[in-house]
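First the structure, in the form of structure tokens, and then the observations on it.
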Amino acid sequence: MDFLSGLNEQQQQAVIAGLGPVLVLAGPGSGKTRVLTQRIAYLIGIQGVRPHQIMAVTFTNKAANEMSERVGQLIGDHKHGMTIGTFHAICARFLRRESEHLPFESNYVIFDADDQLSLVKQTLRELNIDEKRYRPQSIHSSISIAKNELLLPDDYPINNYRDEVVQRVYKHYQSLLLSNNALDFDDLLLWMAYLLQDNPPIRERYARRYEHVLVDEFQDTNLAQYTLIKQLSSFHQNIFVVGDADQSIYRWRGADYRNVLRFESDFPNRQLVLLEQNYRSTQIILDIAMAMIDRNPNRTPKHLFTRKGAGQKAILHELYDDRDEARYVLEAIASLIVRNQAQPRDIAIMYRTNAQSRILEEAFLSAGIPYKLVGAQRFYGRREIKDIIAFLRFIHNPEDELSLMRIINIPPRGIGDKTLLALRTRAQRAGISPGLFLLELGQNPESKYREGFSRRAEAILSNLGQMFLRWVQRCSNLRPLELMDRIIEDINYDAYINDGTEEGLDRWGNVLELRRLAAEFQEIGLEAFLEQVALVSDQDTLEASANAPTLLTLHAAKGLEFPIVFIVGLNDGTLPHSRSFDDLEAMMEERRLIYVGITRAKDRLYLLYSQNRIAYGYSEPVDPSRFLADIPLDLIDGVSPILSRSSNVGPMTQNQRWQISSDKKVKSSELKSKLYHPGMHVRHNSWGEGMILNSRIEDDDEIVDIFFDGVGLKRVVASLAKLEIKT
DNA sequence: ATGGACAATGTTTTT
DNA sequence: CATTGTCCAT
């Protein structure tokens, strides 16, 4: 029974849990990945479940690969045939397989965030909607949220005029996707969920096949994903989910930690396992994390404990500005390494927004210390990479008009607005996509398709069509790398991009890097390569090999662990982010975010904040993060002014320095003192008892956010609400 | 059709 | 400030 060796009692209970729904609530560092892998091994090795009847859904491809590998270590080759991957990747494969039942072809492309935005813009143009009045991003985000809620255009709820606009855009946007033979990220889930919902025979086929469905990071599923796993497990009902509501950080993407509650009410017979023992962090780190998260109302309290001992106090340090912060980080890292207290790879630096990485990168570069940066966007968002990918995408799916428009004039070959318009019109008249039109033109230069263009345009276009056609024809014989090289050579991309400048060299270097990635797909093929490129997660870009510190956002840090963690930019406005200030749910999520960050640390934790922040080119005074006030003093090394502003003491004792450095706060909140502080318990006449979440002075009155038990979040004006303070 | 010069505008987090 | 879009001269 080595499937259970080294597991504690709760972990064992989860691994060998019987048939039926199982909910595992797992605190950070409680070994949930281990539980998942051992359970899979147990199901296959002991229960005799066939691997192809198991589906395991993870959050990143990296996690999927790791899990698959670890299962392999336990049971060897018996793992083959398992379905394991992210929701998006699994759905992408299913949808290709089932495309005959769907309104797109199996060679569809997946539109990334940039493509989606372009498509929304195109829609707005075609519908004559003013981009200034209706921001494309905001419209797109509404569409995305709707899709995650499984709302089709016709179901889109209309409450005001904007909703009506969104609905129209949504409808048109979908038809554009189909005419490009493309799906966006959200479509992968949406189409799959509807395919299973509307086709009982198909649903049954899948549901019968998957005897066991296991889901990691369950708290970050959205309604579409929740519906999917319910459908997939609808026959055998063996659905095993692992999650932690306190680590739910993707609400803005439609994730709903209440799916945990929904699960409990949908499956009242579920077995429940709690994993509270932490194998990662020192007790001090856990205590800080708990002090932080305890301020969130309406959660099931968890008591995290470890056998690791108290460990060192966390270091809280105030710096002058973010540049100074970066300098401090570099010095601390240098000192740790020189004193042999850490390997470079043991160290991570985490921040709230991607923009913060820049200043850190500069510090690393000028210090000559190598670093690893987590972020797929950084690589795949580059112009030269997008260009090459667009060529490949077009060849794979010539109906991809967006990719065609990107590459049609790269390198510049004299195709401008006029020619483009002519091409579009002619293609439309012929009833085919511009891409197919071009290929046709290349195939048969004498065809009727050539009519209606200027002689110049006709020559350019039919040349281009011939080149495209050659690629498309060879695409079935050539492997990804050869195809890519062929394109680069044919268009002389080297000369175009590598213009002798340092930047050009850099860009060319990126192209070579992409070649290296393509080389890994020689056997599996172009389609798999393009799919991988579209669905990479940030974490997937982290190479374990290099011995260097890691720079990453708090979001990207989820699921990872490091002996030493720096969290920088702990200032109000950054963490919590200013966009969250007026939304109580969002503020709770900001708190969970810092909780996730803290619980990544195994041994040492550095918390840094600054007096000033450089933004928009100007340096501006900022406040320390309000969350810092919740850390018990005795867990911290390096006393700083903010600590005297602990919520129990009240703002009057706040150090003078802060009042001086932050002039915008001085005006109001510091002149009139607050009566209520986060963490206080109060009673309200009609809403009963609640806990103060936040309070601020505005126009000589105090505005208080309170969470009332059984009622929810309320914002009240103190002078009107008659709150009674409970002790 | 192309590329350069200027203005305007805007920063969360990502599969 | 840094990126993106728009206008204008070639």
Side-chain angles (χ1 to χ4, degrees), chain A residues 57-64 85-92 110-114 116-118 121 131-132 135-138 140-141 144 147-148 183-190 217 220-222 224-225 248-255 350-359 374-378 380-381 383 408-421 454 456-457 460 531-541 552-558 569 573-581 583 586-587 589-590 592-594 596-597 613-620:
Chain A
V57 189
T58 58
F59 206 67
T60 64
N61 300 298
K62 179 169 172 279
T86 64
F87 273 106
H88 295 267
I90 291 174
C91 288
I110 299 167
F111 274 4
D112 67 19
D114 283 347
Q116 293 168 38
L117 201 60
S118 315
K121 285 182 183 165
E131 281 194 25
K132 292 273 173 341
R135 290 266 143 74
Q137 338 248 14
S138 129
H140 176 253
S141 121
S144 174
K147 288 184 172 184
N148 291 155
L183 303 187
D184 68 14
F185 288 134
D186 306 312
D187 279 342
L188 296 171
L189 308 173
L190 184 72
E217 305 284 10
D220 280 321
T221 53
N222 57 37
Q225 291 164 330
S248 164
I249 53 174
Y250 286 102
R251 189 179 81 106
W252 46 273
R253 205 167 81 183
M350 303 177 185
Y351 36 81
R352 175 67 236 264
T353 68
N354 279 308
Q356 292 171 266
S357 75
R358 193 183 197 117
I359 213 154
V374 177
Q377 220 45 19
R378 285 231 149 33
Y380 288 100
R383 196 185 72 203
I408 197 163
N409 208 24
I410 286 181
R413 47 173 70 90
I415 297 176
D417 290 345
K418 272 180 88 174
T419 313
L420 234 43
L421 186 68
S454 71
R456 195 180 100 96
I460 295 175
E531 191 170 296
Q532 159 84 19
V533 165
L535 297 178
V536 272
S537 72
D538 275 358
Q539 266 187 24
D540 298 336
T541 64
L552 73 179
T553 63
L554 288 162
H555 283 89
K558 191 164 77 153
T574 305
L575 182 60
H577 196 272
S578 50
R579 297 266 301 232
S580 303
F581 282 164
D583 180 344
M587 282 301 271
E589 185 149 307
E590 296 289 309
R592 293 196 289 268
L593 206 45
I594 192 174
V596 166
R613 181 183 45 200
I614 306 166
Y616 290 87
Y618 300 98
S619 184
E620 201 185 39

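Predicted model only: the values in this text are computed from it and were never measured. Order of the sequence lines sets the chain letters (A, B, ...), proteins ahead of strands, with each chain counted from 1.
- For A:N148, the side chain to side chain donor-acceptor pair (under 3.5 Å) partners two or more places apart in sequence, or in a different chain, are A:D186.
- Distance from the side chain of A:T419 is smallest to B:dA1 among B:dA1, B:dT11, B:dT15.
- In terms of heavy-atom proximity, A:H555 sits nearest to A:I249 at NE2-O, 3.1 Å.
- Listed candidates were B:dT14, B:dT11, B:dT15. Nearest to the side chain of A:S537 is B:dT15.
- The interatomic distance linking A:D540 (CG) with B:dT14 (C1') rounds to 12 Å, in whole Å.
- A:R135 comes within 4.0 angstrom of sugar-phosphate atoms only, judged by non-hydrogen atoms across all strands, and of no base.
- Comparing B:dT11, B:dA1, B:dT13 against the side chain of A:N354 picks out B:dT13 as the nearest.
- Interface limits on DNA chain C: the 5'-most and 3'-most nucleotides within less than 4.0 Å of chain A heavy atoms are C:dC1 to C:dG5.
- The residue A:I415 sits close only to the backbone: its heavy atoms come under 4.0 Å of sugar-phosphate atoms, none of a base.
- For A:Q137, taking side-chain heavy atoms from C-beta onward, the closest of the listed nucleotides B:dT11, B:dA1, B:dT9 is B:dT11.
- Among the heavy atoms of the strands, none lies under 4.0 Å from A:K558.
- In this pair, A:F59 and A:Y250 present their aromatic rings tilted. The plane angle is within the 30 to 60° band.
- Residue A:D186 is classed as having no contact, given no heavy-atom separation below 4.0 Å to the nucleic acid.
- As judged by a 4.0 angstrom heavy-atom cut-off over every strand, A:R592 is placed among residues making no nucleic acid contact.
- Interatomic distance, OG1 of A:T86 versus CG of A:L188, reported as 9.0 Å (0.5 Å rounding).
- Considering only side-chain N and O atoms, A:R413 lies nowhere under 4.0 angstrom from the phosphate OP1 or OP2 of B:dA1.
- Residue contacts shown for A:D417 are limited to sugar-phosphate atoms, with no base heavy atom under 4.0 Å away.
- Taking the side chain of A:P412 as heavy atoms from C-beta on, and the options B:dT11, B:dG3, B:dT9, the nearest nucleotide is B:dG3.
- Closest to the side chain of A:W252, out of B:dG10, B:dT14, B:dT11, is B:dT14.
- Side-chain N/O atoms of A:N61 include none lying less than 4.0 angstrom from OP1 or OP2 on B:dT15.
- Spacing of P atoms, C:dT4 relative to B:dT13, comes out at 14 Å, to the nearest Å.
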(message) Would A:D184 and A:K147 count as a side chain to side chain contact (heavy atoms under 4.5 Å, CB included) here? Give the steps.
(response) CA-CA 10 Å; A:D184 68 14; A:K147 288 184 172 184; 2.7 Å; yes
